[in-house]
Protein chains: 2
Amino acid sequence: MRNFLNVLKKCPLFFDLSDDNIITMLGCLKARTDIFDKNYTILSEGSPAKYIGIVLSGSVQITRTDYYGNRSILGNLCEGDLFSEAFACMQMTSMPVSVIANERSEIMFIDCNHILHTCQNGCPHHQQLIYNLMKVLALKTVMFQQKIEITSKRSTREKLLTYLTICAKKNNKNSFKIPFNRQELADYLEVDRSGLSAEISKLRKDGILECKRNYFKLL
Amino acid sequence: MRNFLNVLKKCPLFFDLSDDNIITMLGCLKARTDIFDKNYTILSEGSPAKYIGIVLSGSVQITRTDYYGNRSILGNLCEGDLFSEAFACMQMTSMPVSVIANERSEIMFIDCNHILHTCQNGCPHHQQLIYNLMKVLALKTVMFQQKIEITSKRSTREKLLTYLTICAKKNNKNSFKIPFNRQELADYLEVDRSGLSAEISKLRKDGILECKRNYFKLL
DNA sequence: TAAATTATGTTGAAATTTCAACAAAACGGA
DNA sequence: TCCGTTTTGTTGAAATTTCAACATAATTTA
C-alpha cells in the first residue's frame with residue numbers, strides 16, 4: 001500500500017492531508033485494493049453503487065451501452081482520479097454506467113459511508129476529507145458539462161475541434177496525445193468512426209491539424 | 001422570507017433540518033433574495049461563480065450559447081431546486097453557463113463559503129448542511145449523465161423518446177407536461193426544431209404518442 | 001374583438017451522418 | 001521476419017438532419 005502514497009497524495013480526495021494522516025485514515029476508511037487486467041469490468045451497469053474507486057495505477061473508462069449495443073464513452077480516468085463517487089454518495093441501487101480497465105490497473109475501493117460519517121476514532125482531519133470529496137463532486141459536474149459542450153455541436157468536425165481545443169488548453173500545448181483510439185474517440189464524441197476518420201483526413205488536408213494515431217497537433 | 005419556509009423545507013439543501021434551524025442558519029449564511037422578471041439573466045456566462053442559487057418561486061433555465069449563436073439548454077429548474085452550486089464550490093472565475101428566468105422568479109443567494117466553512121456561532125447542524133450539499137452535487141452529476149444519455153442517441157426520434165420515457169418515469173404516469181416549448185425542447189435535445197416537430201407528427205401518426213403543445217402522452 | 005406576435009407544423013433541397021464493405025497500415029507474438 | 005490481428009482510412013449509397021421559407025394555430029396586446 002505504501003507504494004501508492006505518491007498517487008494518493010496527488011489524489012484530490014486527500015488534498016491537504018499529511019502522509020501520516022492519509023495512512024491512518026486508510027485504516028479507518030477500511031480501504032482495500034484490487035488489480036484488474038486489461039478490458040476487465042471493474043463495475044458493471046445495473047449493479048449497486050457502494051464504493052468510491054480510486055485509480056492507483058493504469059487507467060479506466062466510464063462507459064454505457066444501450067439496448068442496440070451502441071457504446072458511449074463518458075470519460076477516461078488516470079492515476080489519482082476517482083470514479084463512482086456520485087453514485088456511491090447517493091447510494092444508488094443501480095449504476096447507470098460501467099467502469100472498464102483500459103490496461104492492467106490497480107484500484108482502491110473506499111466505502112462511501114465511511115467518508116460521509118466520521119468514525120468513532122475521531123480522526124481530526126476527517127472534515128478535510130469531506131470537504132475534498134465535495135470538491136471532487138463539483139469537478140465531476142464541470143467535467144460532464146464539458147462533455148455536453150462537445151457533443152452538443154452539430155457536426156463531427158465541430159465536435160472534434162471542440163474536443164481537441166479543450167485538450168490543448170489542458171496540456172498548455174498545441175500538440176498532445178489523447179487517451180482514445182479512433183473507435184473510442186468516436187464513442188466519446190458520439191459519432192460514427194468512419195465519418196470521424198474521414199473528417200480527420202479533411203482537417204489534415206485543410207492544414208488545420210497534424211495527426212498520427214492518438215497524437216494530435218493543432219496548427 | 002418566512003413565506004418561503006415551505007419551499008426551503010422541500011429544498012434538498014435543508015433536508016432534515018427543523019424550521020427553527022433553517023431560519024437561524026439563513027442568518028448565519030447571510031442569505032439574500034432577489035426577484036427577476038421573465039427572460040431576465042440571473043447569472044451570465046463568463047461571470048465569476050460565488051453564490052449558490054435557490055429557486056424560491058417560478059422557474060429558471062440553465063443555458064449556454066456558442067459563438068455561432070446556437071443555444072443549448074442544459075436543464076430546467078423549479079421551486080426548491082439549486083443552481084450554480086458546483087461552480088460556486090469550485091470558486092470558478094468564469095461560469096460556463098447562463099441562468100435565465102423562465103417566468104417572474106424569486107431567487108435566494110447564499111455565499112458558498114459560508115456553507116463550506118462552519119461559522120463562529122457554531123450552528124449545531126451546519127454539518128448536516130454540508131452533508132446535504134454533497135447529496136445535491138451528487139444528484140447534479142446524475143442529472144447531467146441523464147442528459148448525456150438522451151443526447152448521445154443518434155436520431156431525433158430516439159432522443160425524443162428517451163427523454164419522454166424518462167419524464168414518464170419521473171411522473172409515474174404516461175401523460176405529463178414538459179417544461180419546454182418546441183424550440184426549447186429542441187435546444188435541450190440538441191436537434192433542429194422543425195425536424196423535431198416533424199418527428200413528433202410522425203410519432204403521432206404511428207400511434208406512439210399523443211401530444212398537444214407541452215402535454216405529452218405515451219401510448 | 002381585431003391585429004399583432006409568437007409558437008408550431010410542413011415541405012423540399014442541400015448538407016451531413018451513418019452504414020457496410022473493403023483497403024491499407026500498424027502492431028504483437030511466434 | 002513473418003503472419004495474424006487490430007486499427008485506421010476510404011468510398012459510395014442510403015438515411016437523416018439541417019436549413020430556409022412559408023402556412024397555420026394559438027396567444028397576447030391594444
Side-chain angles (χ1 to χ4, degrees), chain A residues 37-39 61 66 68-73 100 102-104 150-164 177-206 208-217, chain B residues 37-39 61 66 68-73 76 100 102-104 150-164 177-206 208-216:
Chain A
D37 279 331
K38 180 170 174 161
N39 294 329
Q61 279 180 353
D66 69 15
Y68 300 111
N70 299 315
R71 176 179 66 166
S72 170
I73 295 181
I100 314 283
N102 244 342
E103 54 194 299
R104 188 176 168 80
I150 293 166
T151 57
S152 73
K153 294 285 188 298
R154 300 301 168 80
S155 67
T156 298
R157 188 188 188 96
E158 269 194 290
K159 284 178 196 180
L160 175 62
L161 285 176
T162 304
Y163 171 69
L164 292 177
K177 283 190 173 186
I178 65 171
F180 300 126
N181 63 27
R182 286 289 175 281
Q183 182 63 61
E184 290 169 337
L185 180 57
D187 289 344
Y188 179 78
L189 301 180
E190 320 282 9
V191 298
D192 179 67
R193 181 198 61 78
S194 67
L196 173 61
S197 272
E199 203 56 52
I200 289 174
S201 295
K202 255 192 227 166
L203 285 165
R204 236 186 317 225
K205 272 176 207 148
D206 294 354
I208 293 173
L209 58 76
E210 285 173 14
C211 151
K212 198 184 175 191
R213 296 232 138 191
N214 67 339
Y215 167 87
F216 285 82
K217 181 171 186 176
Chain B
D37 279 330
K38 180 168 174 162
N39 294 329
Q61 280 182 353
D66 69 15
Y68 301 111
N70 299 314
R71 176 180 67 167
S72 170
I73 295 181
N76 189 284
I100 314 283
N102 242 341
E103 54 193 298
R104 188 177 168 80
I150 293 166
T151 56
S152 72
K153 295 284 187 299
R154 299 303 167 82
S155 67
T156 299
R157 188 190 188 95
E158 269 195 290
K159 283 177 196 180
L160 175 62
L161 285 176
T162 305
Y163 171 68
L164 293 177
K177 283 189 173 187
I178 65 171
F180 299 126
N181 63 28
R182 286 289 174 279
Q183 183 63 62
E184 291 170 336
L185 179 56
D187 289 345
Y188 179 78
L189 301 179
E190 320 281 7
V191 298
D192 178 68
R193 182 197 60 78
S194 68
L196 173 60
S197 272
E199 203 56 53
I200 289 175
S201 295
K202 254 193 226 165
L203 286 165
R204 237 187 316 227
K205 272 179 205 145
D206 293 354
I208 293 173
L209 59 74
E210 287 171 13
C211 150
K212 196 185 175 191
R213 298 229 136 191
N214 68 339
Y215 167 88
F216 285 81

Could you state the [atom1]-[atom2] distance from [X] to [N], rounded to the nearest angstrom?
| X | N | atom1 | atom2 | result |
| --- | --- | --- | --- | --- |
| A/Lys153 | C/dT16 | NZ | P | 16 Å |
| A/Asp192 | D/dT10 | CG | P | 15 Å |
| B/Asp187 | D/dT17 | CG | C1' | 15 Å |
| A/Tyr215 | C/dA26 | OH | P | 16 Å |
| A/Lys159 | D/dT17 | NZ | P | 12 Å |
| A/Ile178 | D/dT7 | CD1 | C1' | 13 Å |
| B/Leu196 | D/dC19 | CG | P | 14 Å |
| A/Lys38 | D/dT6 | NZ | P | 11 Å |

* Asked: If you look at every heavy atom in A/Lys38 and A/Asn102, which pair is closest and at what distance?
  ->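 Looks like CG-O, 3.5 Å.
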* Using a 4.0 Å cut-off on protein heavy atoms (strictly under), produce a 5'-to-3' string for nucleotides 7-15 of chain C with B for base contact, S for backbone-only sugar-phosphate contact, and - for none. => SBBBB----
List for me each residue that meets side chain to side chain donor-acceptor pair (under 3.5 Å) alongside [X], sequence neighbours excluded, and say none if there are none.
| X | answer |
| --- | --- |
| B/Thr151 | none |
| A/Glu103 | A/Ser59 |
| A/Glu158 | none |

* To do: Could you list all the salt bridge (Lys or Arg N to Asp or Glu O under 4.0 Å) pairs where at least one residue sits in residues 188-198 of chain A, not counting sequence neighbours?
  =>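 Sorted result for residues 188-198 of chain A: A/Lys147-A/Glu190.
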* **All ring pair (Phe, Tyr, Trp, His ring centres under 6.0 Å) counterparts of B/Phe180, not counting sequence neighbours** =>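 Listed in chain order: B/Tyr188.
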* **Helix axis bend for the helix from C/dT1-D/dA30 to C/dA30-D/dT1 - C1'-based end axes, five pairs, 10° rounding** =>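 Result, rounded to 10 degrees: 50°.
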* Contacts of A/Arg213 that satisfy salt bridge (charged side-chain N to carboxylate O under 4.0 Å, His left out) - sequence neighbours left out ->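 Once residues adjacent in sequence are excluded, A/Arg213 has no partner under the salt bridge (charged side-chain N to carboxylate O under 4.0 Å, His left out) criterion.
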* Asked: Hey, is the main chain of B/Ile178 close enough, under 3.5 Å, to the side chain of B/Asn214 for a donor-acceptor pair?
  ->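 Here the side-chain-to-backbone pair exists.
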Would you give me the side-chain donor-acceptor pairs under 3.5 Å for residues 195-205 of chain B, sequence neighbours excluded?
residue, atom, partner, partner atom, Å
B/Glu199, OE2, B/Arg157, NH1, 3.1
B/Ser201, OG, B/Ser197, O, 3.3
B/Arg204, NH1, B/Cys211, O, 2.7

